[in-house]
Amino acid sequence: MAPEPIEANLDGDVTDGPFSVRQLLRIDEALTAADRETGLTFSVYVGSLHEPTTGAARGLHDKLANPSESVLVAVSPQQRKLEIVTGERAAKRIPDRNAALAALSMTAAFGGGDLTRGIVDGLRQLADQAGAP
């Protein structure tokens, strides 16, 4: 799934999205670190999910290059929904219970209005759980 191009205004705000350039860089750094530390592929989707949201997130996950070894964090702020989807091999290293704990941590940050921190902290928790390959 190819990422959409992102354009930034001179003031650092990203057009067509909830994140500033600085926030996007923080998320990208967290994704890169999670990939490197675990050997899994982590992805983040932020946007609307059609109902049922779990099925929509699984559909996005299935479109990834290597779904078996991938983890997708799908966040729909407008719907107040968070879905974490792990592929078959990734799920062996990140059990559902641990993904649920990361989700709780993320939703706490989201509730406080910090979408970026929630995503970054959640990625770190998931990567810590997965450990090194």
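Side chains are part of it too, since the values below use all heavy atoms of this structure and drop only hydrogens, waters and symmetry mates.
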Note to self: Looking at every non-hydrogen atom in both residues, tell me the closest pair between Val71 and His61 and how far apart they are.
What the structure shows: N-NE2, 4.4 Å

Notebook entry, point to check: If you round to the nearest 0.5 Å, how far is CD of Glu37 from OG1 of Thr32?
Noted result: 10.5 Å

Item checked: Under 3.5 Å: donor-acceptor pair, side chain of Gln78, backbone of Ser48 -> no

Notebook entry, point to check: Looking at side-chain heavy atoms only, is the closest gap between Thr41 and Leu31 below 4.5 Å?
Noted result: no

Next item on the list: Output yes when a side-chain donor or acceptor of Arg117 lies under 3.5 Å from a complementary backbone atom of Gly112, and no otherwise.
Entry: no

Notebook entry, point to check: From Tyr45 OH over to Leu72 CG, what is the distance, rounded to the nearest 0.5 angstrom?
Noted result: 9.5 Å

Check: Just how far is it from atom CG of Asp35 to atom OG of Ser43, taken to the nearest 0.5 Å?
Finding: 7.5 Å

Margin query: So, taking the atom named CD1 in Ile84 and the one named CZ in Phe42, what distance separates them when rounded to the nearest 0.5 Å?
Written below: 10.0 Å

Next item on the list: Please list all pairs passing the side chain to side chain donor-acceptor pair (under 3.5 Å) test where one or both residues lie in residues 81-92, with sequence neighbours left out.
Entry: Thr53-Glu83, Thr54-Glu83, Glu69-Arg89

Notebook entry, point to check: Is a donor on one side and an acceptor on the other found under 3.5 Å between the side chain of His50 and the backbone of Ala56?
Noted result: no

Next item on the list: Before giving the answer on side chain to side chain contact (heavy atoms under 4.5 Å, CB included), spell out for Ile94 and Leu40 the whole-Å C-alpha distance, their side-chain angles and the decisive distance to 0.1 Å.
Entry: CA-CA 11 Å; Ile94 305 172; Leu40 299 173; 4.3 Å; yes

Next item on the list: Say whether Phe19 and Met106 are linked into one hydrophobic cluster, either directly or through other cluster members, by side-chain heavy-atom distances under 4.5 angstrom.
Entry: yes

Notebook entry, point to check: Taking side chain as C-beta onward, heavy atoms only, is Leu115 less than 4.5 Å from Phe110?
Noted result: yes

Next item on the list: State, with a plain yes or no, whether a side-chain heavy atom of Leu49 is found less than 4.5 Å away from one of Leu60.
Entry: yes

Please output the side-chain donor-acceptor pairs of residues 118-133 that fall under 3.5 Å, not counting sequence neighbours, one pair per line with the distance.
{"from": "Gln125", "atom 1": "OE1", "to": "Ser105", "atom 2": "OG", "distance (Å)": "3.1"}
{"from": "Gln129", "atom 1": "OE1", "to": "Asn98", "atom 2": "ND2", "distance (Å)": "2.8"}

